[in-house]
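In this text the structure is predicted, and so the values were computed from the model without any measurement. Throughout, a chain's letter reflects where its sequence line sits, starting with A, and its residues are numbered from 1.
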Number of protein chains: 2
Amino acid sequence: MTDFRPQQPGEIPSDATVPKVVVSRISLYLRELQRLEAAGQQTISSSQLGTLLGFSDAQVRKDLGFFGQFGYPGVGYRCDELIHAMRDILGTNHAWPVVMVGVGNLGQALLGYRGFGRQNFAIEAAFDADPAKVGQTIQGVRVQHIDELPAVVKEKGIRLGMLVVPAQRAQEAADRLVAAGIEGIVNFAPVTLTLPPHVQSVSVDLAIELEQLSFAVTSKLAKIVP
Amino acid sequence: MTDFRPQQPGEIPSDATVPKVVVSRISLYLRELQRLEAAGQQTISSSQLGTLLGFSDAQVRKDLGFFGQFGYPGVGYRCDELIHAMRDILGTNHAWPVVMVGVGNLGQALLGYRGFGRQNFAIEAAFDADPAKVGQTIQGVRVQHIDELPAVVKEKGIRLGMLVVPAQRAQEAADRLVAAGIEGIVNFAPVTLTLPPHVQSVSVDLAIELEQLSFAVTSKLAKIVP
DNA sequence: TGTTGTGAACTACTTCACAGCA
DNA sequence: TGCTGTGAAGTAGTTCACAACA
């Protein structure tokens, strides 16, 4: 290997402000690259990668340009290098322990979802307030009482949590996560959480996804601009 | 009631092209309004609604302005009227039957999720290729063999589908949905589907949500611009 | 030749600010 | 007065287009 050009891999130019949408595309690039590498492909150009995901070549290059220079003119990008660089960017070159709060239907299914491990996330502990659930072991994870959350978070140095409780209990559970020291929350409840500014969150609202389709399929007139 | 101002409720000015992000905020407005109405609130101003969801008042008014005039100057919006109007916009004033393909862990959990019904979606049929699953009844839905998909879709006039199969089978399953006449797909597999242009899709990638948090929490330097 | 990296141009989205209405 | 609806102004994101390089 000649020169690994991202001088400080994963380091971001200190004045950079990266649009959210760019970060989400980085995740898509990573996912696709992992597939390509598994299929034995060594290098890829911005236009190939873009075509696979439905983006323009310029978009791919601009997005990567937020974080450094990773390509070889005339050649493209080396899949292995780019995968490593993008995991550095996303922070997933090391494993992330995650807590889950709420072990209902959906929570139990998520405990068994393999995709998290593939991207280096591991659900280390699960919590519920229901005494009937506490003590059970689901998908290899023992369910603990919610009161134990702060101790576990502290002991294991956990920074991320998944919130999988019913809507009416979501804010209170979020407050507990915040109090325990969690810094980022994936919220599966269909409510907008009120959080202190140092805590990040992303929401997954399953019904909203269907509503978007309902709109798209219904409205013959209005084209959805992507 | 004096005049119901959205002249043709739900009808969209024929030259309108509505940005995707606007439609997703409409869903959020609707969700919040449903909560407010359930709590007994009769009217709401754009700034109140915006504050609850973290948007500006102008944003709320502009978004609604894509679809018509719904407000009363000096007063705000009537919750009940606005809920009705937004359901007209999204197409959810009538119930949507939905098919599910793939009844694994996650699929079974989604079959039991109450949030779909609340927004007027009903999973009418579920399909799997695994003979061990076919014939079971899960959450009140009988699992049928995937080969029966086209007949059921046609018979019940179903237009939307949820794809909940492993990544390596997602494209093939999507092709089956398309062949059966489905027009919109919620894709839970972590792959980008190739679909004909008349078929809409939205993707839910659970690992990507965690990656976004990992990035946000990791990068002290780069602020995520919302 | 093929492909990157990147300013410049363009497009899309958001916020401002205010006329008009109740 | 309070609040909507909406052009105008401003900001953010995307695409263009080309110099530089392998």
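Distance from the side chain of S56(A) is smallest for dT15(D) among the nucleotides dT4(D), dT15(D), dC13(C). For Q59(A), the listed nucleotide lying nearest its side chain is dT15(D); candidates were dT6(D), dT4(C), dT15(D). In the set dA17(C), dT14(D), dT4(C), the nucleotide with an atom closest to the side chain of S45(A) is dT4(C).
For dT15(C), the base has a donor-acceptor partner in the side chain of K62(B) [N/O atoms by modelled type, under 3.5 angstrom].
If you check every strand for non-hydrogen atoms under 4.0 Å, S47(B) touches nothing.
The distance from atom OH of Y72(B) to atom C1' of dT4(D) is 12 Å, rounded to the nearest whole Å. Rounded to whole angstrom, the span from the CG atom of L64(A) across to the P atom of dT3(C) amounts to 16 Å. One atom, CD1 of I44(A), and another, C1' of dG2(C), lie 15 Å apart when rounded to the nearest Å.
Between the side chain of Q171(B) and the main chain of T194(B), a donor-acceptor pair closer than 3.5 Å is present.
Relative ring orientation between W96(B) and H94(B) is described as tilted, the plane-to-plane angle lying within the 30° to 60° band.
E32(B) and R35(B) are joined by a salt bridge, as a carboxylate oxygen and a charged side-chain nitrogen come within less than 4.0 angstrom of each other.
Within the 4.0 Å cut-off from OP1 or OP2 of dC3(D), not a single side-chain nitrogen or oxygen of Q48(B) is found.
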